[in-house]
Undergrad: 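There's a structure below that I have some questions on.
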There are 2 protein chains.
Amino acid sequence: MSSRSETITRILDSAESHICKKGYNAFSFREIAHEIGIKSASVHYHFPTKANLAAAVVLRYTDSFIKSLGEPNSPNADAKDLLKNYIQEFQNVLISNDSMCLGGILSAELTSLPDEVADATRQFFIENLRWLTDVLQLHFGVNDIAISHFKAMKILAMLEGTLIVMRSLNREVQFEEMVEDFLNLS
Amino acid sequence: MSSRSETITRILDSAESHICKKGYNAFSFREIAHEIGIKSASVHYHFPTKANLAAAVVLRYTDSFIKSLGEPNSPNADAKDLLKNYIQEFQNVLISNDSMCLGGILSAELTSLPDEVADATRQFFIENLRWLTDVLQLHFGVNDIAISHFKAMKILAMLEGTLIVMRSLNREVQFEEMVEDFLNLS
DNA sequence: GTCTATAATTTGATAGAC
DNA sequence: GTCTATCAAATTATAGAC
């Protein structure tokens with residue numbers, strides 16, 4: 001849709017990478033500027049404040065993440081493939097070096113975030129939960145809305161928690177086993 | 001054992017509270033000093049560096065957390081009570097205002113932490129996993145070590161993830177339902 | 001759109017008096 | 001053990017030239 005300039009894209013890419021690795025409070029405009037070969041004042045030209053930049057990062061991340069999951073309402077979507085793909089997205093985060101899920105790391109830091117960034121972070125989780133709930137209701141016959149919400153929460157929490165725990169324990173995760181677990185929908 | 005001075009205890013308390021709420025990169029010596037009514041230079045007298053202080057916080061937290069869980073080897077320990085108590089500890093974190101599990105928030109920020117703090121954080125998870133694995137093996141007859149490790153990881157990840165997700169979604173968690181889930185050990 | 005220059009503030013940390 | 005005073009560095013952000 002809106003064709004962002006190359007510079008803006010590179011700023012967002014760099015900021016996203018830094019936030020996923022270290023969080024909101026450990027990256028600076030100078031770092032990002034240096035990384036893409038401009039000065040920090042030029043970053044401020046595109047994103048007036050740090051909160052503004054971080055919020056833009058989260059919105060783009062959420063949008064691209066949800067879009068990558070596929071449409072739960074699509075009639076020919078395979079139910080288990082949808083969930084497998086979802087888990088695969090988290091597995092990708094684990095594989096990409098020293099990174100966390102953007103939503104997960106920001107949610108951990110939530111109390112220290114500017115409102116703008118905290119709101120965008122909450123939205124990430126709301127949209128994830130909505131997608132998961134839709135999949136569970138449409139494809140797994142979980143009609144009770146309280147139950148489907150609980151199961152969706154369980155899946156999301158398990159994946160975020162796995163990233164958190166695996167960050168400190170360098171053990172390789174058996175994501176395959178987790179997939180099975182979830183598909184059984186115990 | 002070592003009788004720490006009142007001041008040291010208050011510094012550690014304040015630092016722990018700040019880290020649990022905002023993470024390592026969003027608290028300062030001045031904040032803590034002001035909170036307990038001394039000057040930041042006096043905090044440096046007790047803890048030379050920020051890394052030093054944070055590491056001390058994590059070590060104390062881990063020690064007290066594990067101790068509070070009860071001894072898995074104790075012959076008269078009730079198996080389900082041990083696990084229920086474990087989950088209760090996490091529920092307490094959720095109830096205490098705007099707080100995360102110290103290990104969870106630091107693990108999210110791991111790449112931005114001084115080595116000293118990162119190492120202490122890893123140790124928190126190692127000791128949690130050891131305790132959980134012991135409980136599973138001693139009381140639930142999970143003899144296959146790979147399986148008990150996986151189940152322990154699942155429980156720990158689920159609890160850390162629940163804290164992360166619930167921080168952004170202000171929904172009340174059905175911990176009771178989770179307890180049932182875990183006790184079934186699906 | 002990018003730059004130089006700089007303001008205003010905060011931070012981790014140290015020296016030395018009491 | 002706590003204080004005052006201060007440093008050196010980093011940070012977010014702005015003004016104004018090109």
Side-chain angles (χ1 to χ4, degrees), chain A residues 2-19 21-58 105-106 109 111-121, chain B residues 2-19 21-58 105-106 109 111-121:
Chain A
S2 63
S3 81
R4 274 167 158 154
S5 82
E6 179 64 23
T7 301
I8 287 181
T9 299
R10 286 165 71 201
I11 292 173
L12 289 171
D13 288 346
S14 172
E16 178 179 314
S17 163
H18 275 96
I19 297 176
K21 283 174 186 150
K22 307 178 298 179
Y24 177 82
N25 298 296
F27 86 91
S28 73
F29 273 51
R30 273 181 175 76
E31 255 178 316
I32 288 175
H34 181 262
E35 200 166 297
I36 69 178
I38 61 178
K39 297 295 176 182
S40 74
S42 305
V43 179
H44 277 283
Y45 170 78
H46 297 286
F47 300 96
T49 67
K50 190 180 179 179
N52 189 293
L53 169 55
V57 168
V58 181
I105 193 165
L106 288 178
E109 292 180 308
T111 320
S112 74
L113 300 180
D115 287 346
E116 204 179 345
V117 186
D119 289 345
T121 301
Chain B
S2 64
S3 83
R4 275 167 157 153
S5 83
E6 181 63 24
T7 301
I8 288 181
T9 299
R10 286 164 72 199
I11 292 173
L12 289 171
D13 288 345
S14 172
E16 179 179 311
S17 163
H18 275 95
I19 297 176
K21 284 175 184 149
K22 308 177 301 181
Y24 177 82
N25 299 295
F27 85 93
S28 74
F29 273 51
R30 274 180 176 75
E31 254 177 317
I32 288 175
H34 181 262
E35 200 166 297
I36 69 179
I38 59 177
K39 298 295 176 182
S40 73
S42 305
V43 180
H44 277 284
Y45 170 79
H46 297 286
F47 300 96
T49 67
K50 190 179 181 181
N52 189 294
L53 169 55
V57 168
V58 180
I105 194 166
L106 289 178
E109 291 180 308
T111 321
S112 75
L113 301 181
D115 287 347
E116 206 180 344
V117 186
D119 288 345
T121 302

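The sequence lines fix the lettering, A, B, ..., with proteins before strands; numbering per chain opens at 1. Because the structure is a prediction, the values reported are computed rather than measured.
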Undergrad: Give the rounded distance in Å between these two atoms: NZ of B:K50 and P of D:dA9.
TA: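 The distance from NZ of B:K50 to P of D:dA9 comes to 19 Å, rounded to the nearest Å.
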Undergrad: Please tell me if B:S28 has a side-chain N or O lying less than 4.0 Å from either OP1 or OP2 of C:dT10.
TA: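 No.
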Undergrad: In whole angstrom, what separates B:Y45's OH from D:dT4's P?
TA: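 To the nearest whole Å, that distance equals 17 Å.
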Undergrad: Please test B:L53 against B:L12 for side-chain contact (heavy atoms from CB on, under 4.5 Å), starting from the C-alpha separation and ending with a verdict.
TA: CA-CA 8 Å; B:L53 169 55; B:L12 289 171; 4.0 Å; yes
Undergrad: Does B:K21 qualify as a cation-pi partner of B:F27, given the criterion of NZ or CZ under 6.0 Å from the six-membered ring centre and within 45 degrees of its axis?
TA: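 No - B:K21 does not lie over the ring of B:F27 by the 6.0 Å and 45° rule.
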Undergrad: For A:N25 and D:dT11, give me the distance from atom CG to atom P, rounded to whole Å.
TA: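 Taking CG of A:N25 and P of D:dT11, I get 12 Å after rounding.
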Undergrad: How close do B:A51 and B:E116 get, heavy atom to heavy atom, and via which atoms?
TA: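 Looks like CB-OE1, 3.6 Å.
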Undergrad: Nearest whole angstrom, please: distance from the P of C:dG12 to the CG of B:L53.
TA: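 Rounded to whole Å, this separation is 10 Å.
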Undergrad: Touch check for B:F47, heavy atoms < 4.0 angstrom, all strands: base, sugar-phosphate only, or nothing?
TA: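 Contact class for B:F47: none.
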Undergrad: Measuring from A:N25:CG to B:K22:NZ, what's the distance to the nearest 0.5 Å?
TA: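 If I round to the nearest 0.5 Å, the distance is 9.0 Å.
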Undergrad: Rounded to whole Å, please give me the gap between NE2 in B:H34 and P in D:dT2.
TA: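 For the pair B:H34 NE2 and D:dT2 P, the rounded distance is 16 Å.
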Undergrad: Rounded off to whole Å, could you give me the CZ-to-C1' distance for the B:R30 and D:dT6 pair?
TA: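 Computing the B:R30:CZ to D:dT6:C1' distance gives 10 Å.
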Undergrad: Specify the residues of residues 7-15 of chain B, ordered by number, for which at least one heavy atom lies under 4.0 angstrom from an atom of DNA chain D.
TA: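 Output list: B:T7.
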Undergrad: A:E31 has an atom CD; how far is it from atom C1' of D:dA13, in whole Å?
TA: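 Whole-Å distance recorded here is 17 Å.
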Undergrad: Separation of B:K39 atom NZ from C:dT11 atom C1', in whole Å?
TA: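 Distance, rounded to whole Å: 16 Å.
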Undergrad: Would you indicate, yes or no, if D:dG1 has its OP1 or OP2 atom less than 4.0 angstrom from a side-chain nitrogen or oxygen of B:S42?
TA: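 No, B:S42 has no side-chain N/O under 4.0 Å of OP1/OP2 on D:dG1.
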Undergrad: With a 4.0 Å cutoff (strictly under), does any side-chain N or O of B:H46 reach OP1 or OP2 of D:dT2?
TA: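 So the side chain of B:H46 is within the cut-off, an N or O lying under 4.0 Å from OP1 or OP2 of D:dT2.
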